[in-house]
There are 2 protein chains.
Amino acid sequence: MARTQGSHSDITGPRIRRAALRLFARHGFAAVSMRQIAGEVGVQAGALYNYTPDKQTLLFELMRDHMDALLAARAAEAARAGRDPMARLENFTRHHIRFHIERPDEVFIAYMELRNLAPENFAEIERLRHAYEDELETILRNGVAAGDFAVPDPRVATYAVIAMLTGVNTWYRAGGRLSLSEVETLYWDMVRKAVAA
Amino acid sequence: MARTQGSHSDITGPRIRRAALRLFARHGFAAVSMRQIAGEVGVQAGALYNYTPDKQTLLFELMRDHMDALLAARAAEAARAGRDPMARLENFTRHHIRFHIERPDEVFIAYMELRNLAPENFAEIERLRHAYEDELETILRNGVAAGDFAVPDPRVATYAVIAMLTGVNTWYRAGGRLSLSEVETLYWDMVRKAVAA
DNA sequence: GTTTTAACTGAACGTGCGTTCATATCAAAC
DNA sequence: GTTTGATATGAACGCACGTTCAGTTAAAAC
C-alpha cells in the first residue's frame with residue numbers, strides 16, 4: 001500500500017463533491033457535464049471515476065449527506081429544546097431557517113433534483129425527508145394535546161410551515177436589509193400566530 | 001396564400017407547447033431533447049422550428065404565458081373581492097391555491113427552470129412575478145393601515161405567505177384525503193391567524 | 001535504489017444533442 | 001387543372017456527452 005499519506009485522494013474527493021454541489025446548484029444536474037466538474041477541480045474527467053461510480057451516484061450522495069446532516073443537527077438541537085411544545089416549535093423554526101440558509105446549494109439541489117434520482121435513490125431521500133417532517137408534526141400534535149395549539153390538520157400544517165420556512169432561501173441574502181436573527185424572529189411570529197390556540 | 005384554413009399549424013403549434021410543458025415539468029428543460037418533444041407530437045424534430053426559433057424561446061414563452069394568465073386571472077378576481085383587506089386576503093389565498101393546483105406543470109416549470117432562461121428572459125419573468133407579489137404586499141399594507149393586520153414586515157410576510165400557499169402543489173393530489181376547498185380553508189385559517197392584529 | 005500501487009492522463013467508444021436546409025407533399029386558391 | 005405556399009421530412013452539420021481503459025507518474029514502503 002503506497003501513498004496512504006500524502007495521497008491526493010483525501011483532497012480530490014472532497015473537491016469533486018464541492019465542485020459538483022456548486023455546479024449542480026447553479027446550472028442543474030442535467031446541464032452539468034463530468035468534464036465541467038473535472039475542470040473545476042483541475043483533473044481530467046476520467047479521474048472522477050476514482051471517486052464515484054457514475055454521475056447519478058455523485059448526485060445521490062450529495063443529497064443523502066445533506067439529509068443525514070439535517071437529521072443529525074435536528075437530533076442535537078431537539079435534545080436541547082426540552083419538552084414544552086411551544087419551546088420546541090420555536091427551536092424547530094429558528095433552527096430550520098439557520099440550517100437551511102447556511103447551505104443554499106445543498107437545499108436547492110435537495111428540492112430541485114429529486115426527479116433526476118433513480119427510483120431507489122429517490123425513495124431513500126424521501127424517507128429521510130419524511131423523518132424530518134415527522135418531528136414537526138409530532139410537535140404540533142403534542143401542542144394540540146396540551147391545548148397550546150389549535151391546528152385542525154397537523155399534517156397539512158407541517159407542510160405549510162416547512163414550505164414557508166424553506167422559502168427564506170429564495171430571497172434572503174447576507175448583508176441585506178435584515179439580519180438572520182431578525183428574519184428568524186419575523187418567521188417565528190408568523191408560525192406562532194398561525195398555530196396559536 | 002394556400003391552406004390558411006385546414007392548415008395544421010393551429011393544431012401542431014399548441015400540441016408542441018403542451019408536449020414541451022409536460023416533458024419539461026417531468027424531466028427538466030435540460031434533460032428533454034427537441035426530438036423527444038417532436039416524437040410526442042408525431043413530427044420530426046425539424047418541424048418544431050416552424051413554431052419556435054429555438055428551444056430557449058419555447059421555454060420562455062411557456063413561462064411568460066403562464067405568468068400572463070396568472071396576472072390576468074388575478075386582475076379579474078381582485079375586481080370581485082371589494083376593498084376590505086380581510087376579504088381581499090381571503091380571496092387572494094383561495095385563488096392562489098386554486099389557480100396553482102390547476103396548473104401543476106406550469107407552476108413547476110416557472111419555479112424550477114428560471115436558471116435556464118437567458119438573462120433578458122429571466123428579467124421579464126421576474127418582473128411579472130414581482131407584479132403578482134406586489135398585490136399581496138399591498139393588501140397586507142392596507143390591512144395594517146386599517147388596523148386589521150399586525151405585520152411588522154409586509155415584504156417578508158408576502159414571501160412567507162406565497163411560499164406557504166405554493167407549497168400545496170408539492171403534496172396535494174386530487175382524490176386524496178382532503179378536497180381542494182377543505183385545503184383552501186385550512187390554509188386560509190393559517191394565513192388569517194398569522195397576519196391577525 | 002528498487003518495487004509497489006494509488007492517482008491520474010489522454011485518447012477513444014458509441015450516442016445523442018440543437019439546429020439547418022434542400023426537398024417533398026398536398027390542400028386551398030384561382 | 002394548374003399554381004401556390006404553408007407544412008413537414010429526413011439527412012446532415014459539428015459538437016459534446018458519460019464512461020472506459022491502457023498507459024504514465026510519482027510518492028511511500030522496504
Run the salt-bridge test on B/R177 and A/D153 with the 4.0 Å N-O cut-off and return the result as yes or no.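 A/D153 and B/R177: salt-bridged.
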Please determine if a side-chain N or O atom of A/Y51 lies less than 4.0 Å away from the OP1 or OP2 oxygen of C/dC8.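 Looking at the OP1 and OP2 atoms of C/dC8, one of them is under 4.0 Å from a side-chain N or O of A/Y51.
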Between B/T12 and D/dA8, is there a side-chain N or O to OP1/OP2 distance below 4.0 Å?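 True: B/T12 side-chain N/O within range (under 4.0 Å) of D/dA8 OP1/OP2.
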Calculate, to the nearest 0.5 Å, the distance between atoms CE and CG belonging to A/M34 and A/L23 respectively.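 If we round to the nearest 0.5 Å, A/M34:CE and A/L23:CG are 11.5 Å apart.
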A cation-pi test, strictly: NZ or CZ of B/R22 under 6.0 Å from the centre of the six-membered ring of B/F24 and no more than 45 degrees from its axis. Yes or no?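 So B/R22 doesn't make the cation-pi contact.
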Can you see whether B/Y111 has B/R129 sitting over its ring - NZ or CZ less than 6.0 Å from the centre and within 45° of the normal?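 Ring-cation test returns yes.
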Which residues satisfy the side-chain hydrogen bond (donor to acceptor under 3.5 Å, both in side chains) test with A/R83, sequence neighbours excluded?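 Result, side-chain hydrogen bond (donor to acceptor under 3.5 Å, both in side chains) vs A/R83: none returned.
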[X] has an atom [atom1]; how far is it from atom [atom2] of [N], in whole Å?
X: A/I11; N: C/dA6; atom1: CD1; atom2: C1'; value: 14 Å
X: B/Q44; N: C/dT19; atom1: CD; atom2: C1'; value: 14 Å
X: B/R15; N: D/dT7; atom1: CZ; atom2: P; value: 15 Å
X: A/L48; N: D/dT20; atom1: CG; atom2: P; value: 12 Å
X: A/N50; N: D/dT24; atom1: CG; atom2: C1'; value: 14 Å

Parallel, tilted or perpendicular for A/Y159 and B/W171, by the 30°/60° rule?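 Geometry flag for B/W171 against A/Y159: parallel rings.
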Just the table, please: protein N/O against nucleotides 11-18 of chain D N/O, every pair under 3.5 Å.
| residue | atom | partner | partner atom | Å |
| --- | --- | --- | --- | --- |
| D/dA12 | N6 | B/R35 | NH2 | 3.3 |
| D/dC17 | OP1 | A/S33 | OG | 2.9 |
| D/dG18 | OP1 | A/V32 | O | 3.3 |
| D/dG18 | OP1 | A/K55 | NZ | 3.0 |
| D/dG18 | OP2 | A/M34 | N | 2.8 |
| D/dG18 | N7 | A/R35 | NH1 | 2.8 |
| D/dG18 | O6 | A/R35 | NH2 | 3.0 |

